[in-house]
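Below is one structure, written out as structure tokens, with a few remarks after it.
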2 protein chains.
Amino acid sequence: MGALKNKMQEHRKTRGFSQEKLAQTLGVSRQTIISIEKGRYKPSLPLAMIIAEIFDTRVEDIFILEEEDYK
Amino acid sequence: MGALKNKMQEHRKTRGFSQEKLAQTLGVSRQTIISIEKGRYKPSLPLAMIIAEIFDTRVEDIFILEEEDYK
DNA sequence: TGGTAAAGTAAAGCTAACTTTACGTCAAGT
DNA sequence: ACTTGACGTAAAGTTAGCTTTACTTTACCA
């Protein structure tokens with residue numbers, strides 16, 4: 001139950017994406033974007049990697065593990 | 001259903017870890033290690049990040065997205 | 001030959017990632 | 001006043017990550 005912080009919203013706004021547009025680009029629902037940004041759940045590994053790819057950066061630069069964040 | 005290749009086994013052996021020992025270090029079951037190495041399923045994001053951390057490298061250096069690997 | 005360590009398979013169960021649908025709010029523009 | 005875009009919540013259903021337990025195989029070595 002540790003925390004997994006993320007800079008999704010930050011990166012998204014910097015790139016001028018709406019949640020809707022980002023969702024379409026990623027091939028997921030808008031709900032998924034909202035939930036990830038709000039920290040309601042953590043993206044799957046492939047999704048996280050595609051996000052990093054689209055934002056032209058690394059996974060670790062968007063998602064940050066806090067302490068022991070098992071599972 | 002795209003593929004997500006991984007270099008888990010490679011990294012693990014390089015570090016001299018048995019599946020059992022790696023599992024304990026990560027705090028997951030040995031089954032989980034086997035299944036990830038065999039490509040039966042993909043680790044969660046936090047697990048992938050902890051793996052990368054333990055192997056002292058980046059997520060992208062262990063897990064490789066092939067083509068469009070949604071979800 | 002018998003024991004042990006490492007790696008593998010199988011199956012049943014729980015949880016959370018993700019979906020879809022639908023509705024609510026607030027700001028900006030016309 | 002009304003619409004439109006962007007953001008948010010809620011709830012029910014499916015799927016897959018991960019667990020536990022238990023059994024099998026292979027290889028090494030006393």
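Here the structure is a predicted model, which means the values were calculated and not measured. Numbers restart at 1 for each chain; the letters A, B, ... are given by sequence-line order, proteins then strands.
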**Complete:** Protein-proximity profile, nucleotides 20-30 of chain D, B/S/- by nucleotide at the 4.0 Å heavy-atom cutoff, equals BB---------
**Asked** Taking atom C1' of D:dC7 as reference, at what distance in whole Å does atom NZ of A:K21 sit?
**Response** 17 Å
**Stretch residues 10-18 of chain B: residues that reach within less than 4.0 Å of DNA chain C through a heavy atom** = B:R12, B:S18
**Item:** Distance in angstrom units between A:I33 CD1 and C:dA17 C1', rounded
**Value:** 13 Å
**Request:** Would you kindly give the CD1-to-P distance between B:I36 and C:dG8, to the nearest whole Å?
**Result:** 13 Å
**Minimal non-hydrogen separation, B:R58 against B:A52, with atom names** = C-CB, 3.7 Å
**Asked** Okay, side chain of B:R12, backbone of B:L22: is any donor-acceptor separation there less than 3.5 Å?
**Response** no
**Whole-Å gap separating C1' (D:dC18) and CG (A:L45)** = 15 Å
**Message:** Checking contacts here: which listed nucleotide (C:dG8, D:dG8, D:dG17) is nearest the side-chain heavy atoms of A:I34?
**Reply:** D:dG8
**Prompt:** Does B:E60 reach the main-chain N or O of A:V59 with its side chain, forming a donor-acceptor pair under 3.5 Å?
**Reply:** yes
**Asked** Any side-chain heavy atom of A:I51 sitting closer than 4.5 Å to one from A:F63?
**Response** yes
**Request:** Rounded off to whole Å, could you give me the CD1-to-P distance for the A:I51 and C:dA17 pair?
**Result:** 13 Å
**Message:** With heavy-atom distances below 4.5 Å as the criterion, would you say the side chains of A:K38 and A:S35 are in contact?
**Reply:** no
**Request:** Can you figure out which of C:dA17, C:dG8, C:dC18 approaches the side chain of A:K42 most closely?
**Result:** C:dA17
**Request:** Round to a whole Å and report the spacing from CG of B:N6 to C1' of D:dG17.
**Result:** 15 Å
**Prompt:** Considering residues at least two apart in sequence or located in another chain, which fulfil the ring pair (Phe, Tyr, Trp, His ring centres under 6.0 Å) criterion with B:F17?
**Reply:** none
**Side chain proximity check, B:I64 to B:K7, heavy atoms < 4.5 angstrom** = yes
**Prompt:** For A:M8 and D:dC7, what is the distance between atoms CE and P respectively, to the nearest whole Å?
**Reply:** 12 Å
**Message:** Does any part of the side chain of A:H11, heavy atoms only, come nearer than 4.5 Å to the side chain of A:I54, both counted from C-beta?
**Reply:** no
**Asked** Is there side-chain contact between A:Q24 and A:E20, with heavy atoms separated by less than 4.5 Å?
**Response** yes
**Message:** Any side-chain N or O of A:S44 below 4.0 angstrom from OP1/OP2 of D:dG17?
**Reply:** no
**Item:** Side-chain N or O of A:K38 closer than 4.0 Å to phosphate OP1/OP2 of D:dG8
**Value:** yes
**Request:** Round to the nearest Å and state the distance from A:E20 atom CD to D:dG5 atom P.
**Result:** 11 Å
**Request:** Ignoring the backbone of B:Y41, work out which of D:dG17, D:dT9, C:dA7 is nearest its side chain.
**Result:** D:dG17
